[in-house]
2 protein chains.
Amino acid sequence: MPPYDPSTFPPFAVTVDLVVLTVRRHALCALVVRRGETPFQGRWALPGGFVRMDEDLGSAAARELVEETGLSAHDPAKPAVGNGAHLEQLATYGDPARDPRMRVVSVAHLALAPDLPAPRAGGDANSARWAPVEDLLHPGAGREGEQAAALAFDHARILADGVERARSKIEYSSLATAFCPPEFTVGELRRVYEAVWGVVLDPRNFHRKVTGTPGFLVPSGGTTTRQGGRPAQLFRAGAATVLNPPMLRPEV
Amino acid sequence: MPPYDPSTFPPFAVTVDLVVLTVRRHALCALVVRRGETPFQGRWALPGGFVRMDEDLGSAAARELVEETGLSAHDPAKPAVGNGAHLEQLATYGDPARDPRMRVVSVAHLALAPDLPAPRAGGDANSARWAPVEDLLHPGAGREGEQAAALAFDHARILADGVERARSKIEYSSLATAFCPPEFTVGELRRVYEAVWGVVLDPRNFHRKVTGTPGFLVPSGGTTTRQGGRPAQLFRAGAATVLNPPMLRPEV
DNA sequence: CCAAAAGTGTTGTATATACACCCATGA
DNA sequence: TCATGGGTGTATATACAACACTTTTGG
């Protein structure tokens, strides 16, 4: 890398911000951290940080994800689903006024994770928590006394874009399995769709659909009764990444 | 904007690169410019340039598009189709080694344009031309004696991502009309799909499909025989931006 | 036994495909 | 008249929605 010569180009700060989604208690939740520094001190924000000088964008996002959640991720250059979290680039935000301190371009990434124990705070954040995306996107509309202030910076917009991406992508890909543990039942997968889309699906038709799509699910052999009722077969995510025909999202 | 203090963050150069696609002579083509400077001097590259210090990313892309093609574009914050070109953010590329001179993060944008007269060279490019994407993505596989050297930097990858985005997006949106002039026939729209996907579609079923989707096409009243044969109705793009049910891309 | 969740079968309706067929123009 | 592209009708296959029904556990 040749030495930096600021006369040749305008200098920007480049950061990565993370939209980390999971399904908890039948609701789609996002990871937010409390800001310890000005601006927006004390407000909730998406986790993120500066990209280092010798680091690829996807590597920076994977590093932040580990720091915040302990989750490992696949190389985001090749989107994949498996034991770790799914990680992919979302979009880039560069409004000149989005950070009052300096000119920052943020490359947002989207991560999908199974239900995790407890978030661990990292970096300059005082604390971290999982918050239902409904509360974050529509602050004030929830129950009284809740922490419902708007997210810092333009993070509400970034979160909305990430949620929209996840909602549309589980329609035609096997990405919903990224919200599940390594082994899961058809019913658990259906509850993921229901939580992400905010709908109820017919259990019988859903079962036929997902088990009838070749390569989507592979039986792992075991069964479980952890949801009660009749024992359910356990599955792992199959090799198929694209669903054809897609899952149909019911009309609103 | 507070004064720049390089001690607080690593300084990056931020550029926009453009994947400008059009349909010419029944082939999907991209706009490329010949590089006048080192590195990759004399090689073909995607048009692009530095983002200015007070400029939004979408504004920078729209400015480059005007400089290179004379096309105006809608605010890419709100993707829209109409008289000007369609412009939307594609993805961001930030490999530390992608530019040998310095650390550059490039925010690539995708533009779709109707068939244009002749590209006009701008900036530091010696010349500009429309090239079939097949020739650019598979250099050496074409006819002998062609200019078929690989694109500069990581632009082949960016172009491939842009083409893939266009191919999948015309499936479920009305974006294909961005490749057409303001008034067009159903047959002309079908030839767009055929060129972008590299397939042949049944004219009768295609006609029923697009005219039967409410809001996709609105008749302009006139007719034309510019394709020969029986006069065809002229249409404009309607208000619908999402196609439900989608156009089905035939298996390969 | 009952409740709860898993899984199967059946049927009406919608949509896609394939293709026969007719229409309106230029040469 | 013929060639060319535009446009309509119709049969067959496929896929989905709805829902009755059976299976297998825990309490």
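In what follows, every chain begins at residue 1, and chains take the letters A, B, ... in the order their sequences are listed.
Remark: A:T225 pairs with A:P231 by the side chain to side chain contact (heavy atoms under 4.5 Å, CB included) rule, at least two apart or across chains. Annotation: side chain to side chain contact (heavy atoms under 4.5 Å, CB included) contacts of B:R230 (sequence neighbours excluded): none. Under the side chain to side chain contact (heavy atoms under 4.5 Å, CB included) criterion, A:T213 pairs with A:F216, not counting sequence neighbours. Looking at residues two or more places apart in sequence or on another chain, you find a side chain to side chain contact (heavy atoms under 4.5 Å, CB included) between B:A108 and B:L90, B:Y93, B:I158. By the side chain to side chain donor-acceptor pair (under 3.5 Å) test, A:E183 pairs with A:S220, A:R236, sequence neighbours left out. For B:F206, the ring-ring contact (aromatic ring centres under 6.0 Å, His included) criterion is met by B:Y193, not counting sequence neighbours. In terms of the side chain to side chain donor-acceptor pair (under 3.5 Å) criterion, A:S168 has no residue partners (sequence neighbours excluded).
When all heavy atoms of A:V186 and A:H207 are compared, the closest pair comes out as CG1-CD2, 3.7 Å.
Side-chain contact annotation: B:S106 with B:D17, donor-acceptor N/O pair under 3.5 Å present.
Nearest-nucleotide positions on DNA chain D for A:L248 and B:Q233 put B:Q233 closer to the 5' end.
When DNA chain D is scanned in the 5' to 3' direction for atoms under 4.0 Å from non-hydrogen atoms of chain B, the outermost contacting nucleotides are D:dT4 to D:dT10.
Between A:R191 and A:V23 the shortest side-chain heavy-atom distance does not fall below 4.5 Å. Looking at heavy atoms from C-beta onward, A:T22 lies out of side-chain contact with A:L112 at the 4.5 angstrom threshold.
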When you compare the protein's N or O atoms with those of nucleotides 23-27 of chain C, which come within less than 3.5 Å of each other, and at what distance?
from	atom 1	to	atom 2	distance (Å)
C:dC23	O4'	B:R230	NH1	3.3
C:dC23	O2	B:R230	NH1	3.2

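Within the helix from C:dC1-D:dG27 to C:dA27-D:dT1, the inter-axis angle between the opening and closing five-pair segments is 0°, rounded to 10°.
Screening residues 207-227 of chain A for salt bridge (charged side-chain N to carboxylate O under 4.0 Å, His left out), with sequence neighbours left out, gives A:E188-A:R226.
For DNA chain C, the residues of residues 189-214 of chain B within the heavy-atom distance limit of 4.0 Å (strictly under) are B:D202, B:R204, B:N205, B:R208, B:K209, sorted by number.
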